[in-house]
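Step one of this worksheet: look at the structure below.
Side-chain atoms are counted along with the backbone in the values below, which use heavy atoms only and exclude waters and symmetry mates. Each chain gets a letter, A, B and so on, in the order its sequence line appears, and its residues count up from 1.
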Protein chains: 2
Amino acid sequence: MPNLVTSDRYQVRSVARALEMLEAVGESGESGLSLTEMAQRLDMAKSSTMAAARTLASFGFLRIEAPGPRYHLGFALLRYGDLVAQMTSLGKIALPLLHELTEETGLTSRLAINEEGYPVFIERVDGRGSVRFHTPLGQRESPHSTGAGKAILAQLGEEQVRRIVNPDDLVAHTANSLTTIDAVLSDLKHVQLVGYAIDNEEGAEGIICVGAPIFSYNGHCAGAVSVTGLKVDITQRVIGPLCTTVLAYSEKISALIGNVRLQ
Amino acid sequence: MPNLVTSDRYQVRSVARALEMLEAVGESGESGLSLTEMAQRLDMAKSSTMAAARTLASFGFLRIEAPGPRYHLGFALLRYGDLVAQMTSLGKIALPLLHELTEETGLTSRLAINEEGYPVFIERVDGRGSVRFHTPLGQRESPHSTGAGKAILAQLGEEQVRRIVNPDDLVAHTANSLTTIDAVLSDLKHVQLVGYAIDNEEGAEGIICVGAPIFSYNGHCAGAVSVTGLKVDITQRVIGPLCTTVLAYSEKISALIGNVRLQ
DNA sequence: TCTCGCGTTCGGTATCACAGAACTCCGTTC
DNA sequence: GAACGGAGTTCTGTGATACCGAACGCGAGA
């Protein structure tokens, strides 16, 4: 677990264990976990595990499903997730435009915020295609192999990019993956020139993604909007207009959140 | 905080405090809370508060926003909420139909699951109207003053209804509110007859809601679907067809999740 | 019927969560 | 510019308590 801001010292052990428990249950997926399974994964005594689980359950963070009780993620998480989405004003403002963008392109569109240079997707509108992209919300995604990530990175200086892009992550997922920091930097130069970023099967085979940055009232890059689709659907003939469309929407969203630099 | 399933004994105090902290931060809304504000609300020492907050933050459940650090709900909650939504197969299956329903009616449509007789909304598609209904997801709503709640209640026996509907909650929010258990029961009889439930300004002035139950493969009531709109938009002329539409969609969803009782 | 594995309860103990005091670092005021 | 107040942070002692292990009850298979 990466510590985003804070140090390890002066933390509450039992709280951390409870949160690890949520992680474990989340990873278990649909099937959920039994008490003993949880205790084994967390390397705790069953009795301690139950105390923590009951606490989480009484707040709705876990849901206990009889019989032979199995633990699932609780609906309180749904409520809090909804709260976060509502509170993030960028998401609130941009969502109608995401729907429009998907309507217009037929592709899955997503909105990412800029969290210290990393893209964190906070809204998603699924496209018409039968393929559903597994794109979890709320977690940091790869900065250099997603359209949104590259759109955000392109707004930063070279030394910041070097700090954010972890050399260990520059591995070849596909034939097109960027595997050196120099390749990333030169790609970002291109993004700066045209205003949008293309992930041409760099993150996953057969998947293309176009992203463009969103600027807030103070000129800072607040995030990015992107569309994702299959290579077979996004032919060379449509990629040009698609980029123009995404860029237009990113500018619309920027304008909505008060950016006046445009025009 | 109601204890859903578990008893108070054998819980972990520090975990409960941490979760209360999340509640407090959630209630604080956009502005977030400072460390001292949290400490005051939770009646804890600042140092203890900070330890808990740091633990939550290191797992992404809180987000620390400099300067003069203010604490907000973290994006991990978004991720978990998304996970819950994905895992709840009813929501996954019904969402496209909710979109259709909103498309067809122009109203906000919602999907509730049946949690021990209470409606818990897990999906929402906002209508075209300029009014946005504040309808949080993931928490138990009133069973007797919402369309979805009444649709679910109507599938239960009288003694179960008496157990679920708290007499203390039978207060008059509006002139149309049902204020006695007998009024509720007789209303439910009507719901059983026609198959759908109407909340005619019972929960809030000027707001009408039509709900219909969803049945799973085993014939149990899995939840309900409902549409919500302003009284001025839902005239007497359209309410009839609207009810038919909602009922039709509830049957479609029932069919999709494997209910074979229909036709 | 016996047994195994599960969830649950309970009591003792070492841990660690907590409070409080001390400290630093602002911004404000006199 | 010094003094002040209020903020966040660090540190330490200690008593509450989170944890473990053992025992219990129960249902499902064998």
Completion exercise
Going 5' to 3' through nucleotides 17-24 of chain D and flagging B where a protein heavy-atom sits under 4.0 Å of the base, S where only the sugar-phosphate is that close, and - otherwise, we get SSSBB---
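Within 6.0 Å of atom CG in Asp43(B), 12 or fewer heavy atoms from other residues, nucleotides or ligands are found, so the atom counts as exposed in its surroundings.
Across the protein-nucleic acid pair, Gln40(B) atom CD and dA19(C) atom C1' stand 16 Å apart, rounded to whole Å. Counting to the nearest Å, the P atom of dG8(D) and the CD atom of Glu65(B) are 14 Å from each other. Met50(A) places its CE atom 10 Å from the P atom of dG7(C), with the value rounded to the nearest Å. One interatomic measurement links the two molecules: CZ of Arg54(A) to C1' of dC10(C), which rounds to 13 Å at whole-angstrom precision.
Ionic pairing of Arg41(B) and Glu37(B) is not present here: no N-O contact between side-chain nitrogen and carboxylate oxygen is shorter than 4.0 angstrom. Taking the charged nitrogens against the carboxylate oxygens, Arg162(B) and Glu158(B) do have a contact shorter than 4.0 Å, which makes a salt bridge.
Contact annotation: Tyr10(A) reaches the phosphate of dC11(D) (side-chain N/O to OP1 or OP2, under 4.0 Å).
No donor-acceptor distance shorter than 3.5 angstrom exists from the side chain of Glu65(B) to the backbone of Arg70(B), with no hydrogens or angles considered. Of the possible polar contacts, none joining the Tyr118(B) side chain to the Gln139(B) backbone as a donor-acceptor pair under 3.5 Å is found.
Comparing atom distances between the Leu35(A) side chain and each of dT9(D), dC6(C), dT8(C) picks out dT8(C) as nearest.
The two residues Ala224(A) and Ala148(A) have their closest heavy-atom pair at CB-O, 3.6 Å.
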